[in-house]
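Single-structure report; data block below.
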Amino acid sequence: MGAKDLVDEPELVQLLSPEGRRIDHPRYSLDIGPDALRGLYRDMVLTRRFDAEAVTLQRQGELGLWASLLGQEAAQIGSGRATRPDDYVFPCYREHGVAWTRGVDPLKLLGMFRGVNHGGWDPNENNFHLYTIVIGPPLLHAAGYAMGVLADGADTAVLSYFGDGASSQGDVAEAFTFASVHNAPVVFFCQNNQWAISTPTERQTRVPIHRRAAGWGFPGVRVDGNDVLACLAVTRDALERARSGQGPMLIEALTYRMGAHATSDDPTRYREDAERREWEAKDPILRLERHLTQEGHADDAFYAEVAEEGERLARRIREGVRAMPDPDSAAMFRHVYADGHELVEEEQKRFADYQASFEEGN
Amino acid sequence: MGAKDLVDEPELVQLLSPEGRRIDHPRYSLDIGPDALRGLYRDMVLTRRFDAEAVTLQRQGELGLWASLLGQEAAQIGSGRATRPDDYVFPCYREHGVAWTRGVDPLKLLGMFRGVNHGGWDPNENNFHLYTIVIGPPLLHAAGYAMGVLADGADTAVLSYFGDGASSQGDVAEAFTFASVHNAPVVFFCQNNQWAISTPTERQTRVPIHRRAAGWGFPGVRVDGNDVLACLAVTRDALERARSGQGPMLIEALTYRMGAHATSDDPTRYREDAERREWEAKDPILRLERHLTQEGHADDAFYAEVAEEGERLARRIREGVRAMPDPDSAAMFRHVYADGHELVEEEQKRFADYQASFEEGN
Amino acid sequence: MVSQEMTLAGALNASLRRALEDDPKVRISGEDVGRLGGVFRVTDGLQKDFGETRVSDSPLAESGIVGTAIGLALRGYRPVVEIQFDGFVFPAFNQIVTQLAKMHARSLGKVRLPVVVRIPYGGGIGAIEHHSESPEAYFMHTAGLKVVSPATAEDGYWMLRQAIQSDDPVIFFEPKRRYWDKAPVDTSVAPAPLHKARVVRPGTDATLVTYGPTVRVGLEAAAAAAEDGTSLEVVDLRSLSPLDFGTVRASVEKTGRLVVVHEAPVFVGPGAEIAARVQEQCFYHLEAPVLRVGGFHAPYPPSRLEDDYLPGLDRVLDSVDQVLAY
Amino acid sequence: MVSQEMTLAGALNASLRRALEDDPKVRISGEDVGRLGGVFRVTDGLQKDFGETRVSDSPLAESGIVGTAIGLALRGYRPVVEIQFDGFVFPAFNQIVTQLAKMHARSLGKVRLPVVVRIPYGGGIGAIEHHSESPEAYFMHTAGLKVVSPATAEDGYWMLRQAIQSDDPVIFFEPKRRYWDKAPVDTSVAPAPLHKARVVRPGTDATLVTYGPTVRVGLEAAAAAAEDGTSLEVVDLRSLSPLDFGTVRASVEKTGRLVVVHEAPVFVGPGAEIAARVQEQCFYHLEAPVLRVGGFHAPYPPSRLEDDYLPGLDRVLDSVDQVLAY
Ligand SMILES: Cc1ncc(C[n+]2csc(CCOP(=O)(O)OP(=O)(O)O)c2C)c(N)n1
Ligand SMILES: Cc1ncc(C[n+]2csc(CCOP(=O)(O)OP(=O)(O)O)c2C)c(N)n1
Ligand SMILES: [Mg+2]
Ligand SMILES: [Mg+2]
């Protein structure tokens, strides 16, 4: 398969081998102590546990849908942990791990998948924008936001996520144009998980996606997306570049969507299990675990403790979701406009009257 | 200015110096005899004469608007003459020289600028598509057409024109994606005339446009757009590549819009005359004329004859435009649908009745 | 007569299969239409049987999907493209409105674009944002397009065949919450021309005009009203552009009362046009104002509220009561 | 009172200048809005006086223009973007419909997008294809947007200021063939709130409801009708979403007859909504059906035919005669 060739490109930045060994890289170094390493491990495990719980909750009918990040923990935790609180992040809809690094309560991510809202957190609280289902637009929002940062003279960076499928949308190219012409402080982070629902990456592009950047005059780099250290180092570098006025950059993190596209999807219809098994060997969590164990940075007690924390998190999520109230009918009308709108008010009133009349027995 | 740096890039393909000397190029050779050279000269002169006549006709009120190609004759004649009759060409709205090479009667180009139609020729007659005012869409039509050629197994190529400004449109990137993923036989030809109305190229991109291609895995090349031989050779090569199954290619022809964007535009508001004068020295027609004269391929009699032919053409155009009838009102309704539409028929009838009643004195 | 039970999705699939068999120029493309057979399985098995050239997965780019379909049509093909969900048609809006709709007129009839754009639309399936919308009004307002929507499996089968045979671009709206509804389909003979409305239940007291997903709601309302002794006539428009206004008028002239039902937002929506024309052309026949039951002037809500948002049985009957009260 | 003669284009320019002076967060962008001052000179001189950061030429990409404006708004700016011509708004349609319109609701009110999208619209200037369209119906139908259109220089000045101050996204339609119309502008006090309609000529026999470029047509029709002894009331809607329906209703209740005039295509157009609401809410007041005069279900024609296409004096008076004949 074409995608294979792309995987074995020599230019892939890797700082941690699948066996858990640290690798030196001429450009990207990472000085990181045991505490921080354990922190990344914990982030990934908790994110995965949360994600698994969401899948279960969907099966139980508590959620209408769930888009699992299984397999992409390193790409998301590594890049997310590279951000500073004042940075601003634009996700698509699968960035649960990034949300975690931004301090967004995972429970809040579930509202839209349960169907009680279209976006359950305040983007301004953690500088983590709402999930955007339509593929393409948020990259332009990121470029515009970064243009604003530039005008403010702030040393803030913007991090904008997209997928391999998304790379085909015209909006992505336009975002590259605006960002590069303005030299705006935005890092475009592509999680190439090799699939866009059933469509493999080679139906979107015949060369690695990071190469797009050169055509706009900014750097593009490919990183091992299952290597949390490489993702952290490369993203940190790119964000720092952006903050220091050197403009945009494109990072392509090569990873793999281990699960279905979403709970409604059945990947056995379109891909071989062998491919999945191959990627299991490159599991991002296992890799860091091996490293921690080999280096003596973590022991069974630590792993047990993290696992236990995961269970507590899962419990909280489970209970939180079940307790999540349905919105009242008026919510449909409530935030359509900031300054009000005659028609919306009229429709809301008419609907309320209708409902009331109905309750009185029509 | 940024654009300047781009001009002096070493990679520019040139086969004829501004002084009229032939230049050897390691990759692009062109074996061309005096007859063909004189033919190219004639094409350029007649195109320019026609164009000048159209500007005059606009000033006289015979046309509502005209978009002059002045300065871009070499880019258009060179690339257009590289096509075969069975190739299919998608212009934007300024490709009067390309239309000429395809055998479209120049008179037919004037209908839309006069306001009697939105497209006055049959695209199937010369495989030259209608002008498309909206910037971006035709590149996707070209990619799709080329996908059809591929499915037909035909050895036809598609040539798709766009401007430096157009390069920012998302549709252009999407066209690159579809063309490259399908390895479709389409050549994207960018006339970088350094301006999009008042917007200079450096507001669209900070690197030469031809470099975009590499990010999609197909070749991009920059050619001296005022060098008709280079444009011919490079385009011929790219079309042949496409026909022989090697897929898409991007050509950026570096040229200059000598005139206003369109007759409604006043370039003195936004650009220096010095820039224009600089480019006058690189005039595409003058350059070939010098060559022809230096090589003894043409004498005053030839030049006079071509000039005379130009006058005859101008006269025919002038008379043709003035004789061009206004459409009847029913034309508004006539081709909205191929298979008819109840509402259109009803509106057409009602309008006819209304007009009739009106003529009877209401 | 060869009549078979089919779901709407199955009928559409059979229709596409038949079109691929009959006409070598038919091409199917869209996101995930190949191996997966589309997220609703409407193209299930077609790539396997007709190959990757004729049934092909597109890059994730709707403008590209429609734009290349236009190019293919210029080359003589008859593309049928799928937009995965209603809310994702907007990246293609420029290609549809400025190119697909206008090229025939622009070319003075020289260029025909027999392109079908299939769009699963409407709510009721408990989906997340952008997966439940009814954007048909945008397309109705656009001259040069034809806009249709089947409500039943048989209409799905035949209307899609007719749309593919049409030399005009057709926006083909498929009521996604009815994909799994089963009904007999006679594949031997078309029940009606593409752009004819149909009286699906005759009645005398008031008319319900609707289409697509809410035809069933209309029929249920008529059944409920019948129990109260009210006779409703239900008209399935089937075609939204052109609109078969003659059928609507005939019904309103008989009943004198009209309720228009659709999921699309009411404000400047399909029902506005119907109400405007009915009041104009049936002025002296109307016993009551035309009422509209449809989407509110608000984004389609989170799924837990969609039952409130969608025009259901009770809201329809409420409006029927109102027109009958005049 | 400081009243000055201004063209509409001049008034819009003065309004933008004032907004830039008053609020450092105001940003202007669009194609050629900088040095050139826009193809209609509405932003003339602003880049010179406020710098390239605050008034900046965009790359040629409408989705990018609106998409980055959304990003700027998220960062606390108040962007005012120009779409060069009506027919070029469609590449931005996805950003406008799925993002700009919906983000406030999506965020449960946490995110405000005070973005103004200025669009010169309408015909009558002898232009080529895509330069004379009236696409306002698409935006009216889209919840989350506000849609307005001034008809005079004074409204141009004030409505643009109010639009920029609005915390909701506003699609601001500028009647391009009226750019050069001169009228007095009082820059000291706003004549009305942004979303109020205005009776621009009182009358008793029939009502003309219109907006933007055809307000002048309406007034001319009223003047002509007056000579024949017919008293027409002319309502300038000013705001299309929200629609100040109260003003329309009050007029129709008085006159009993209504003609709606606009350049936009009639089919599923703005007038359809007005007719539908009027027949619903003024059922017993209507002496005649509501008639609509507007664009045909056809692409905007080549300019030599635009006088036939546009709703001119004669077509309006013809419809007035019709409603008076009832
Ligand atoms: C504009 C648009 N078109 C189609 C879809 C439907 N859709 C949702 S996810 C998806 C695939 C996305 O693939 P990719 O960008 O690789 O992200 P991933 O799901 O792999 O994280 C598609 C086609 C959409 N959300 N938006
Ligand atoms: C989608 C779209 N937006 C805006 C315009 C208005 N417009 C017409 S020509 C032009 C500049 C085009 O520049 P370029 O692509 O460099 O081509 P050139 O005119 O130089 O040949 C613009 C902005 C348009 N035609 N289409
Ligand atoms: Mg993917
Ligand atoms: Mg240019």
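Lettering of chains follows the sequences in order, A, B, ..., and the numbering in each one begins at 1. The basis for the numbers below is simple: all heavy atoms, side chains too, and nothing from hydrogens, waters or symmetry mates.
Counting heavy-atom pairs closer than 4.5 Å to chain C, the top residue among His118(B), Met112(B), His182(B) is His118(B). Comparing Val111(C), Val66(C), Ile70(C) by heavy-atom pairs within less than 4.5 Å of chain B, the highest count is held by Ile70(C). Taking chain C as the reference chain and counting heavy-atom pairs below 4.5 Å, the highest number among Val344(B), Val158(B), Val149(B), Leu343(B) is found for Val149(B). When each of Asn94(C), Ile65(C), Thr68(C) is scored by its heavy-atom pairs under 4.5 Å with chain B, the top score falls to Thr68(C). Residue with the most contacts toward chain B among Arg75(C), Lys25(C), Arg106(C): Arg75(C) (heavy-atom pairs, distance under 4.5 Å). Among Pro59(C), Gly109(C), Ala101(C), Ala105(C), the residue making the largest number of heavy-atom pairs under 4.5 Å with chain B is Pro59(C). Ranking Gly71(C), Pro114(C), Ala73(C), Ser58(C) against chain B, the residue ahead of the rest is Gly71(C), based on heavy-atom pairs under 4.5 Å. Comparing Arg334(B), His341(B), Glu342(B) by heavy-atom pairs within less than 4.5 Å of chain C, the highest count is held by His341(B). Considering only heavy-atom pairs separated by less than 4.5 Å from chain B, the leading option among Met103(C), Lys102(C), His195(C), Gln95(C) is Gln95(C).
For Ala151(B), the parts lying near chain C are the backbone and the side chain together; criterion is any non-hydrogen pair under 4.5 Å. For a residue to count as touching a neighbouring chain, one of its non-hydrogen atoms must lie under 4.5 Å from one of that chain's; by this rule Asn124(B) touches chain C with the side chain only. The contact between Thr156(B) and chain C is made entirely by side chain atoms (from C-beta outward), counting heavy-atom distances below 4.5 Å. For chain C, the nearby parts of Asp122(B) are the backbone and the side chain; heavy atoms of each come within less than 4.5 Å. For a residue to count as touching a neighbouring chain, one of its non-hydrogen atoms must lie under 4.5 Å from one of that chain's; by this rule Arg54(C) does not touch chain B. Residue contact with chain B, scored on non-hydrogen atoms closer than 4.5 Å, involves the side chain of Arg112(C) exclusively. Looking at Tyr131(B), the atoms closer than 4.5 Å to chain C (heavy atoms on both sides) all sit in the backbone: N, CA, C or O. Looking at Thr98(C), the atoms closer than 4.5 Å to chain B (heavy atoms on both sides) all sit in the side chain, from C-beta outward. Heavy-atom distances place no part of Ser239(C) under 4.5 Å from chain B, backbone and side chain included.
The pair Asp57(C)-Arg35(C) fails the salt-bridge criterion, with no side-chain N (NZ, NE, NH1 or NH2) lying under 4.0 Å from an Asp/Glu carboxylate O. A salt bridge does not link Arg238(C) to Asp244(C): none of the charged nitrogens lies less than 4.0 Å from a carboxylate oxygen. Using a 4.0 Å cut-off between charged nitrogen and carboxylate oxygen, Arg84(B) and Asp155(B) count as a salt-bridge pair.
Checking each of Glu347(B), Gln348(B), Glu346(B) against Arg350(B) for a side chain to side chain donor-acceptor pair (under 3.5 Å) leaves exactly one that passes, namely Glu346(B).
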Output, in order, the C-alpha distance, side-chain angles, deciding distance and verdict of side-chain hydrogen bond (donor to acceptor under 3.5 Å, both in side chains) for Ser329(B) and Gln355(B). CA-CA 9 Å; Ser329(B) 305; Gln355(B) 280 198 314; 3.2 Å; yes
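If you take CG on Leu150(B) and OG1 on Thr53(C), they are separated by 8.0 Å, rounding to the nearest 0.5 Å.
For Arg277(C) and Phe245(C), the positive end sits near the middle of the six-membered ring, less than 6.0 Å away and at most 45° from its axis.
In the displayed structure, Glu21(C) atom CD is contacted under 6.0 Å by more than 12 heavy atoms of other residues, nucleotides or ligands.
Arg102(B) has its side chain within reach of Asn127(B): a pair of non-hydrogen atoms, C-beta onward, lies under 4.5 Å apart. Thr142(C) has its side chain out of reach of Tyr138(C): every pair of non-hydrogen atoms, C-beta onward, lies at least 4.5 Å apart. Contact check for Phe173(C) versus Val147(C): side-chain heavy atoms found under the 4.5 Å cut-off.
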